[in-house]
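Letters go in sequence order (proteins before strands), and every chain restarts at 1. For clarity, every value in this text was computed on a predicted model and none was experimentally measured.
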Amino acid sequence: MSDATKKRKRSSESPAAPAPAPAPAANPYLAHMQADGPARAVPAGPGALKFRETTVKQAEDLEEGSTNPFTGEAFSEQYRRILKQRRNLPVHKQREEFLKLMHKNQVLVLVGETGSGKTTQIPQFLVYDEQPQQTGMMIACTQPRRVAAMSVAKRVADEMDVKLGQQVGYSIRFEDCTSQSTLLKYMTDGMLLREAMIDPQLSRYSTIILDEAHERTLATDILMGLIKRICRSRPDLKVVVMSATLDAEKFQKYFDNAPLMVVPGRKFPVEIYYTPEPERDYLEASIRTVLQIHTCEDPGDILLFLTGEEEIEEACRKIKAEADALAASAPSQVGDVKVVPLYSSLPPAQQQRIFEDAPPARPGRPAGRKIVVSTNIAETSLTIDGIVYVIDPGFSKQNVYNPRIRVSSLLVSPISKASAQQRAGRAGRTRPGKCFRLYTEKAFMKDLQEQTYPEILRSELGSIVLQLKKLKVDDLVHFDFMDAPAPETMMRALEQLNYLGALDDEGDLTKLGEIMAEFPLEPQLSKMVITSPRFKCSNEMVSIIAMLSAPNPFMRPNDQRKQADAAKSQFDDAQGDHLTLLHVYNAFVENEESPKWCFNNYLNARVLKGAVNIRRQLVRLMNRLNLPMVSPDAPDGPNYDRAIRKALTAGNFMHVAHLEKNGLYLTSKDNQVVMLHPSCCLASKPEWVTYHEYVLTKKNYVRTCTAISPEWLLELAPEYYDLDNFPECESKRVLKRLQAKRQSGRK
DNA sequence: GAGCACTGC
């Protein structure tokens with residue numbers, strides 16, 4: 001992030017650019033504001049390339065020359081070998097069409113299916129057309145995921161015969177692999193959004209490519225809105241919106257009827273089969289289908305999509321057992337199987353198993369088969385080559401936010417047509433494949449929605465609204481969202497930010513809000529961190545927040561639950577889970593971040609390392625914002641945990657539950673009946689708790705809970721706990737009594 | 001007395 005503030009200097013070290021920078025701009029950020037407009041002439045050199053006026057011939061001559069125009073070094077053998085492959089990619093045939101469209105238009109929508117080469121080639125076409133080393137402005141290409149940004153950058157660095165991090169680099173959270181000489185930068189969409197907060201015109205970029213736009217991540221959606229605005233004030237900015245599906249029309253319309261370019265993919269055909277009748281039990285039907293394929297179809301690996309960890313582990317056990325039984329009863333007809341589960345919380349070493357080979361054929365027996373049982377992670381994030389059969393039961397878990405009760409929940413829901421197509425496509429990556437859909441064709445046509453709802457329609461918007469306010473988008477109602485979120489969700493976010501003190505009653509960003517927006521955290525958490533110095537516990541709070549931002553660090557293998565629970569209890573704090581997390585963090589650091597220590601204590605070392613990383617980033621921000629890192633005077637004193645719990649309440653006062661006389665908790669104001677999650681370390685039920693999250697599963701649970709004192713609510717959040725505007729309930733009566741006592745005490 | 005689809009800053 002700080003990179004955006006660095007001064008960039010472009011030297012004329014490249015041989016293709018022997019002369020100094022063309023425009024007398026002192027500040028390369030402002031180059032686009034030069035009076036001579038966007039079509040600045042690049043000084044005549046070999047090829048005499050003109051900014052955005054180049055031809056395919058010119059580029060190809062340079063690519064086929066002996067010297068790399070960007071480094072001045074001789075092209076390597078590897079480079080030439082890759083160049084041959086690149087020329088065979090489908091997108092290469094349309095290089096001329098692409099350049100023409102880019103020269104004539106500000107925004108281009110590009111649809112390219114998998115295997116078209118769009119992600120690697122399009123940015124390079126632009127590098128040759130724009131010669132960024134001469135303009136001082138970069139080309140950015142966004143990706144929804146970190147690994148993609150990293151691996152594509154690596155590939156393209158090889159293709160351009162440059163060192164990764166030099167002319168081609170990437171930028172993701174925790175890692176900025178770019179330099180002064182970077183011309184092409186792959187980055188996560190979230191990272192570009194962060195940069196926009198420092199540089200609202202995105203003035204370091206001449207062209208921005210939004211890749212995988214069809215995924216409609218929160219960050220991509222916000223970026224599209226911002227970029228559409230920036231386009232008006234920066235006619236020199238060019239934009240390419242790349243999508244894998246044919247829903248391009250929506251993007252075209254949104255960008256004022258931008259032209260469309262379609263690049264064919266390179267895939268093998270996939271035959272689709274539907275069930276004649278709806279399946280009652282998709283899990284049972286899935287297992288049956290796996291076994292049918294295994295016994296009746298030609299060799300080739302199987303990918304089965306299920307919804308979650310538990311379901312996947314169960315399916316794996318059953319498939320393995322039944323396939324082994326079949327093989328035992330008919331050894332000459334049934335081959336061996338290797339059943340591999342895949343979901344994100346699986347440690348990387350186990351995730352790697354999906355790339356292992358299928359079991360070899362034993363003498364006199366059919367070939368073995370690999371069967372991967374996966375969540376949606378295999379739909380976009382991970383690609384497994386060699387899959388020939390896909391089984392799609394038609395469901396996935398989706399996060400849905402309900403603004404009425406202010407709760408997000410994970411629901412098993414039917415997938416969209418786009419998602420079903422994506423799943424089927426996974427069968428045709430290396431050769432023709434088959435996809436078995438466990439629903440009827442009629443259901444596919446009539447019941448499935450076209451696209452999955454974009455994230456922005458399913459999320460809580462607190463931090464998004466905060467970020468937009470920071471980006472000076474004041475009128476959120478009229479912000480040009482591609483899909484506008486529900487007004488009620490927007491209102492909830494504004495209300496929440498107002499209670500937190502980030503927005504004033506006019507809806508304008510306050511000083512506190514400005515600072516809150518700097519943190520890569522949910523607003524409540526930012527508030528806690530920022531307030532914590534006041535309670536002399538910022539050191540501790542930053543650790544807790546880092547732990548809350550990381551996934552669950554506690555391991556609980558099915559066959560060692562007792563031991564795992566015992567290990568966890570060593571860290572338990574009588575006052576609650578937030579403090580327990582603090583103890584775990586501290587113990588991890590005291591034990592020198594030892595993976596062995598983690599293993600012995602049923603903790604996930606990878607997750608804890610992640611927390612250390614997040615903490616470091618937060619401390620850097622605290623320092624930059626002049627927020628002191630302090631600890632309570634007496635770490636063993638009675639006020640130690642009190643200070644921390646009070647600081648927690650300062651941000652979390654909207655996540656409070658009160659124990660009613662009937663033994664149930666009710667959430668403050670919303671009056672939802674909730675229970676402490678079974679993983680909660682609180683032995684007794686405190687009358688008041690603050691919780692980190694509310695999870696809706698079979699029951700309503702609040703998870704990560706800590707005991708608090710009701711006085712703090714009245715003291716720290718008087719607007720939210722304004723008892724004249726409070727629904728009638730037991731907690732209101734308790735608070736009223738308390739308030740009366742406070743007032744009489746003051747007299 | 002039970003869970004955590006997947007990302008991202």
Side-chain angles (χ1 to χ4, degrees), chain A residues 1-2 4 142-149 171-176 187-198 212 215-223 305-313 342-346 374-382 395-400 408-413 415 419 422 452 454-456 458-459 463-464 466-467 470 516-523 525-526 545-546 549-556 558 561-562 564-565 604 607 610 613-614 617-618 620-621 675-681 693 695-704:
Chain A
M1 189 188 337
S2 60
T142 67
Q143 297 292 324
R145 284 167 289 279
R146 286 186 208 157
V147 266
S171 175
I172 58 176
R173 187 182 187 182
F174 306 129
E175 201 184 349
D176 179 13
M187 62 206 302
T188 47
D189 47 12
M191 204 68 204
L192 186 60
L193 193 55
R194 278 278 149 187
E195 279 192 10
M197 285 173 43
I198 300 163
E212 314 288 358
E215 287 192 29
R216 304 287 309 277
T217 65
L218 261 177
T220 295
D221 266 26
I222 304 296
L223 279 171
F305 284 101
L306 292 177
T307 64
E309 172 176 346
E310 205 178 282
E311 204 175 83
I312 287 170
E313 293 292 353
L342 177 64
Y343 42 87
S344 77
S345 58
L346 219 52
S374 170
T375 61
N376 254 3
I377 193 171
E379 197 180 298
T380 47
S381 307
L382 278 170
F395 294 97
S396 72
K397 277 191 191 168
Q398 288 187 326
N399 196 5
V400 186
S408 298
S409 45
L410 271 181
L411 295 175
V412 174
S413 335
I415 60 170
S419 195
Q422 177 74 18
T452 311
E455 221 183 333
I456 195 161
R458 297 183 283 121
S459 314
S463 51
I464 289 299
L466 189 61
Q467 281 185 57
K470 176 91 179 176
M516 279 170 63
E518 297 276 336
F519 284 88
L521 298 170
E522 289 298 310
L525 302 187
S526 311
I545 304 286
S549 305
N552 181 5
F554 300 107
M555 314 271 273
R556 206 161 177 256
N558 274 333
R561 288 189 183 174
K562 266 205 175 132
D565 290 347
N604 186 329
V607 165
N613 229 341
I614 297 169
Q617 189 188 24
L618 296 177
R620 272 200 304 275
L621 274 163
M675 291 165 64
L676 301 185
H677 194 273
S679 67
C680 176
C681 73
E693 55 185 351
V695 286
L696 264 176
T697 51
K698 282 170 197 154
K699 291 178 186 142
N700 296 359
Y701 286 110
V702 284
R703 195 157 52 193
T704 317

For this session: Would you indicate what A:Ile172 reaches in the nucleic acid, counting non-hydrogen atoms under 4.0 angstrom: base, sugar-phosphate, or nothing?
Result: sugar-phosphate
Exercise. Which part of the nucleic acid, if any, lies within reach of A:Thr217 when heavy atoms closer than 4.0 Å are counted: base, sugar-phosphate only, or nothing?
Worked result: nothing
Seminar exercise, completed: Assert: residue with more 5' nearest nucleotide on DNA chain B, out of A:Glu455 and A:His677, is A:His677
Exercise. To the nearest Å, how far apart are A:Ile377 CD1 and B:dT7 P?
Worked result: 4 Å
Problem set entry | Pair A:Glu379, A:Ser419: side-chain N/O donor-acceptor within cut-off below 3.5 Å | yes
Exercise. Would you call A:Glu195 and A:Met187 a side-chain contact if the rule is heavy atoms closer than 4.5 Å?
Worked result: yes
Exercise. What nucleic acid atoms does A:Asn376 come within less than 4.0 Å of, heavy atoms only: base, sugar-phosphate, or nothing?
Worked result: nothing
Problem set entry | Distance-minimising heavy-atom pair for A:Met516 and A:Ser526 | O-OG, 3.6 Å
Exercise. Does the pair A:Lys397/A:Glu311 count as a salt bridge with the N-to-O cut at 4.0 Å?
Worked result: no
Exercise. Can you find a heavy atom in the side chain of A:Ile377 that is under 4.5 Å from one in the side chain of A:Tyr343?
Worked result: no
Exercise. Can you check whether A:Thr188 has a side-chain N or O nearer than 4.0 Å to OP1 or OP2 of B:dC9?
Worked result: yes
Exercise. Which whole-number value in Å describes the distance from A:Asn399 CG to B:dG3 C1'?
Worked result: 15 Å
Seminar exercise, completed: Between OH of A:Tyr343 and P of B:dT7 the distance, given in whole Å, is 14 Å
Seminar exercise, completed: note: A:Glu195, atom CD; B:dG8, atom P; distance rounded to Å ~ 17 Å
For this session: Give A:Arg173 one of three labels, base, sugar-phosphate or nothing, depending on what nucleic acid heavy atoms sit under 4.0 Å from its own.
Result: base
Exercise. Quick one: does A:Arg561 reach the base of B:dA2 with a side-chain donor-acceptor pair under 3.5 Å?
Worked result: no
Exercise. Any side-chain N or O of A:Ser344 less than 4.0 Å from the OP1 or OP2 oxygen of B:dC6?
Worked result: yes
For this session: Can you figure out which of B:dC9, B:dT7, B:dA5 approaches the side chain of A:Arg194 most closely?
Result: B:dC9
For this session: Could you work out which one of B:dC9, B:dG8, B:dG3 sits closest to the side chain of A:Arg145?
Result: B:dG8
Exercise. With distance as the sole criterion, do the side chain of A:Arg556 and the base of B:dG3 form a donor-acceptor contact below 3.5 Å?
Worked result: yes
For this session: Can you figure out which of B:dC6, B:dG1, B:dG3 approaches the side chain of A:Thr375 most closely?
Result: B:dC6
Problem set entry | Side-chain heavy-atom pair A:Arg145, A:Thr380 within 4.5 angstrom cut-off | yes
Exercise. Separation of A:Leu342 atom CG from B:dC6 atom P, in whole Å?
Worked result: 8 Å
For this session: For A:Phe519, answer base if it contacts any base atom (sugar-phosphate contacts may also be present), sugar-phosphate if it contacts only those atoms, and nothing otherwise; contact means non-hydrogen atoms under 4.0 Å.
Result: nothing
Seminar exercise, completed: A:Phe554 CZ to B:dA2 C1', in whole Å, measures 15 Å
Exercise. So what does A:Glu309 touch, heavy atoms closer than 4.0 Å: a base, only the sugar-phosphate, or nothing?
Worked result: base
Seminar exercise, completed: Out of B:dA2, B:dA5, B:dC9, minimum distance to the side chain of A:Arg458 belongs to B:dA5
Exercise. How many Å lie between CG on A:Leu411 and P on B:dG3, as a whole number?
Worked result: 14 Å
For this session: With the side chain of A:Arg703 defined as its heavy atoms from C-beta on, choose the nearest nucleotide among B:dG3, B:dG1, B:dC6.
Result: B:dG3
Exercise. What is the distance from CE of A:Met675 to P of B:dG3, rounded to the nearest Å?
Worked result: 11 Å
